[in-house]
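To keep things clear, I will list the structure first and then write my remarks on it.
The residues of the chain are indexed from 1 along the displayed sequence.
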Amino acid sequence: MPIPQEIIDDVALTNVKVLAGRPASLVLAGAENLQAHQQRMLAIQADAQATSSAAAGMLQKRVAEVDQPEANALGSLTRATVPSEVIASSVAAAVAQVLSKMAGNTPPVTP
């Protein structure tokens, strides 16, 4: 007994719908993953920028507050000088900037 043409057409139409819907669902899943990744990266970048701003503020405060007699007294105790204090603070600010830049270039988390 041959299969009726209606059944063949219905099966073919169902197969086309299933196959056509698969790429669309993959695109939707990819778009959702991309949006979630962008939100995570924005949060990381905001944290890194806040850290960088705090480090820059601390650097400005330390440079503004250190006067030469105080630095000399501190230097005799810790063998530090004003330039070494400024360098240490500058390094902290540079590290914060590097972390901020890395946060903007971090690849997405893969499951």
Measuring from atom CD1 of I44 to atom CD of Q49, what distance do you get when rounded to the nearest 0.5 angstrom?
12.5 Å
Answer yes or no: is there a side-chain heavy-atom contact under 4.5 Å between E32 and Q35?
no
State, with a plain yes or no, whether a side-chain heavy atom of Q45 is found less than 4.5 Å away from one of L42.
yes
